[in-house]
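Both backbone and side-chain heavy atoms feed into the values below; hydrogens, waters and symmetry mates do not. Each chain gets a letter, A, B and so on, in the order the sequences are listed, and its residues count up from 1.
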Amino acid sequence: MWERLSAVIGKEWRQLIRDKRTIALVIALPLTVMTIFGLAYSGDMTGVKIALAIEDDGPLSSVIISEIFNSRVFDVVYIVDSFDEAKYLVEQAEVKGAIVIPAGFSTDIANLGIGSMYLILDGSWFNLPSAMQAEANRIISDVSDKIALSLSVQRGYSQPVSITLYSIWIHGSLKVIDIIGPTVMGIMVQQVPMTLAAISIVREREKGTLEKLLTTPMTRFDLIIGKLIPFAVVGVIIGISELFMVTAVFGAINRGTPLDVLITSLALALAALSLGLLFSVISRNQLQTMQISTFMLIVSFLFSGFLLPIEGMKNEIRFIVYVIPLYYFYQAIIGITIRGVSIIDVIEPILSLFLYALIFLVLSMALMSKRIG
Amino acid sequence: MSYMVELINLVKKFGNIVAVNGLNLEINKGEIFALLGPNGAGKTTTVRMIMGLLKPTRGKIFVDGIDISKNLSEAKKRIGYVPQFFSLYEDLTVLENLYFFGKIYDLPKNVINERIRELLEAVNLREHKDKLAGNLSGGLKRRLSFAVALLHDPKLLILDEPTAGIDPPLRRAFWKMFKALRNEGKTILVTTHYMDETEHADRIGLISRGQLVAIGTPTEIKRKVFDGDLIRIVFRGGKILTELNAPWLVRLLRRENTANGEQEVVLIVKELASVLPKIPIVLKKLGFEPILIEPVSVTLEDAFIALTSGGEINVGEIIRGYW
Ligand SMILES: Nc1ncnc2c1ncn2[C@@H]1O[C@H](COP(=O)(O)OP(=O)(O)OP(=O)(O)O)[C@@H](O)[C@H]1O
Ligand SMILES: [Mg+2]
């Protein structure tokens, strides 16, 4: 029995290490994931786009304003005059949140030592609101101390200052399934067709059917587009059935029309397929393509912004999100299902997906060898 | 431009391995040409280069006058190719495979239907048309591959070891089909390592270690081994025959004393048919009494072994089998 067992072990080991490219992938991919992860998330959160509403024109708000501008976490992209304008920007997803310094802030602090501020949060961005609250609270506590100190110096007696932060939620009643459900659907729409596409050409190579096919008038265009279309149909069917499950069965919110969800799924499926076809074209065997597909799955989870906010990634590494189809899908689907906007309002990420598909399809066709071996 | 296939100084290296080593070959229109060689001789490599599947390290390939490095797609239209290993879709049925390739070759629908009907008949696959290709027996798979290669009615058929591992009746059937197609004017290039079946070819090219060792009709090939035909003579008579001078003689190959004081010799002569009647006369002139005069039949197998074994030709070994 031990002889036989050791024979099987020996054989598997040899097969595993025989192909250098495969073994390189087996070892390099997990290390790559950890390296990117470490590089990306070892720092603090930065660049969360917010709006700043300044209703108070008193002297003390300027202390707060400069502190907010100094924050590395917040990136103030809009300065407006009123709470309502700020809220509108959050609702339109122009910003991830907004800080409001209400009218009378300076006088309240000066007279009473108490003041209040508002933080408007978009609840549809998973994990981001809590980070924004933490940063806003840090700023307020720093500012309170500074103001207290300067007032004490001015007046010659100790003046305690207390600022209360009120969080105002847009989409605040969302459950986890509302936010994560559509994205999990996206993962399926990305991974299943991508894996189908990834093994498709390399399988023809391995089984020998490509040898016959390449001697016919068939072109690379015929082969690649011919494979793309049925797999894209599979992707859309997955998208629609997952949407049905997550909304009808599990009660997630969908404020978008099925057609918009369908188009968004199609865009994602096409982008994922074109990437899968590229993997298939450059791989030597099915094992390699499976490795790359698994890699894509993990990378999509970690770096598309849906589990971990992109704002938590270091700037230098953020470019990685642009090669992950799920990133664009996430940007679009949250708008459609949660904010209930029409597809026109999220056309940018959707067009990005179509462009992505086009680029990778052309690349696949260019790199596909019309020879064997 | 009268050749169907012309290979000029073709070389293919895989790293250090030289699979095809300076091959020059012309295949005429309308002939069955058998490329014969042992395992690893470079047959598949050669065929794949003709199909544009491998890029030659050096050399030129013309198919029907077309330089395939310049216009491969035009060349491909003229060729029906059957790879060495089954290369159709195992998860499609016989009919589905045929339809698929018919469409890939841009054939009109009615032509596809017509061709499929004819071909299923010709290769005797009609009763299996709805089976999955993967479930067919080895012989049926070969027939299906053959049918697919014929779909677009190519001028040139290239078959890589179509008869390897199939039973003798089917092999005969295949060669019958090759001949029928040749008689329709098609050119057929078939690789094989069965010497016996190459007797049916119009010409044979013997390939060994990537080089052409011999080329010619089956008879020419056999003759090449010994520089002529073999005749065995048994006779009685006083003296021992050690020398023989005649213009038609290439050489005296063997001599042996056998029982009853008879002698036996094997001669290599230039051309059997014209020499045979002269032999009794010569023998009688020398005072011998002929008992038996017969041609020694050399099979292609003998010639093949002799030619590919490299250096020495072991004639004794070959002839012993026929004494
Ligand atoms: N892709 C490859 N890489 C490395 N060596 C190869 C490759 N393809 C063929 N060879 C080598 O080239 C030589 C010729 O092989 P080829 O397959 O052409 O022979 P063959 O005559 O078709 O043999 P068989 O009768 O076994 O099919 C062999 O030594 C083989 O090992
Ligand atoms: Mg071969």
Side-chain angles (χ1 to χ4, degrees), chain A residues 17-24 192-193 195-231 233-234 276-277 280-286 289-290 364-373, chain B residues 12-15 17 19 44-45 47-56 63 68-69 71-92 97-98 100-107 133-134 141 144-149 151-152 154 156-160:
Chain A
I17 62 173
R18 178 86 349 141
D19 181 14
K20 298 289 168 278
R21 209 149 119 162
T22 307
I23 191 72
V192 176
T195 310
L196 286 176
I199 59 172
S200 67
I201 293 174
V202 75
R203 189 175 66 175
E204 298 230 23
R205 217 173 259 286
E206 277 193 315
K207 292 212 96 182
T209 51
L210 199 63
E211 172 158 7
K212 173 75 190 175
L213 215 47
L214 289 179
T215 62
T216 69
M218 184 211 62
T219 62
R220 292 180 243 224
F221 178 85
D222 296 335
L223 185 68
I224 293 203
I225 302 300
K227 283 179 180 290
L228 183 82
I229 289 170
F231 296 154
V233 171
V234 171
L277 286 167
S280 204
V281 161
I282 60 176
S283 305
R284 299 246 177 92
N285 57 49
Q286 295 188 50
T289 57
M290 292 312 294
S364 307
M365 283 180 213
L367 291 180
M368 176 167 170
S369 167
K370 290 210 79 179
R371 302 186 196 278
I372 55 168
Chain B
K12 179 66 190 180
K13 294 183 185 166
F14 296 106
I17 303 167
T44 299
T45 306
V47 161
R48 283 178 170 169
M49 284 192 283
I50 299 173
M51 294 311 302
L53 291 166
L54 290 173
K55 189 178 160 59
V63 172
I68 69 154
S69 67
N71 197 350
L72 183 61
S73 59
E74 200 47 49
K76 277 186 199 167
K77 286 184 197 155
R78 289 152 209 249
I79 315 176
Y81 173 52
V82 180
Q84 182 168 1
F85 302 103
F86 187 68
S87 54
L88 305 178
Y89 295 98
E90 302 207 318
D91 42 5
L92 296 184
N97 267 297
L98 285 162
F100 172 71
F101 282 99
K103 285 190 189 162
I104 287 282
Y105 278 103
D106 282 328
L107 303 178
K141 279 183 182 167
L144 176 57
S145 304
F146 189 52
V148 169
L151 266 176
H152 62 296
L156 169 64
L157 262 173
I158 297 183
L159 307 104
D160 197 1

Nearest 0.5 Å please: distance from the OG1 atom of Thr216(A) over to the CG atom of Leu151(B).
11.5 Å
Which atoms of Phe85(B) are under 4.5 Å from chain A, going by heavy atoms: the side chain, the backbone, both sets, or neither?
neither
Minimum heavy-atom separation for Gly208(A) to Ser87(B), with atom names?
O-CB, 3.1 Å
So do Leu53(B) and Thr215(A) actually touch side chain to side chain, heavy atoms under 4.5 Å?
yes
Quick check on Arg78(B): does its CZ atom have over 12 non-hydrogen neighbours (other residues, nucleotides or ligands) under 6.0 Å away?
yes
Would you say that more than 12 heavy atoms from the other residues, nucleotides or ligands in this model lie under 6.0 Å from the CZ of Arg21(A), or not?
yes
For the residue pair Lys212(A) and Val148(B), what are the closest heavy atoms and their distance?
CE-CG1, 3.7 Å
Can you tell me how far the CG atom of Asp222(A) sits from the NZ atom of Lys103(B), to the nearest 0.5 Å?
13.0 Å
Can you tell me which portion of Ala149(B) sits under 4.5 Å from chain A's heavy atoms? Options are side chain, backbone, both or neither.
both
A side-chain contact here means heavy atoms from C-beta on lying under 4.5 Å apart; do Tyr89(B) and Leu213(A) qualify?
yes
Any idea which of Glu211(A), Lys207(A), Met218(A), Lys370(A) has the most non-hydrogen atom pairs under 4.5 angstrom with chain B?
Glu211(A)
Does any heavy atom of chain A fall under 4.5 Å from the side chain of Phe100(B), the backbone, both, or neither of them?
side chain
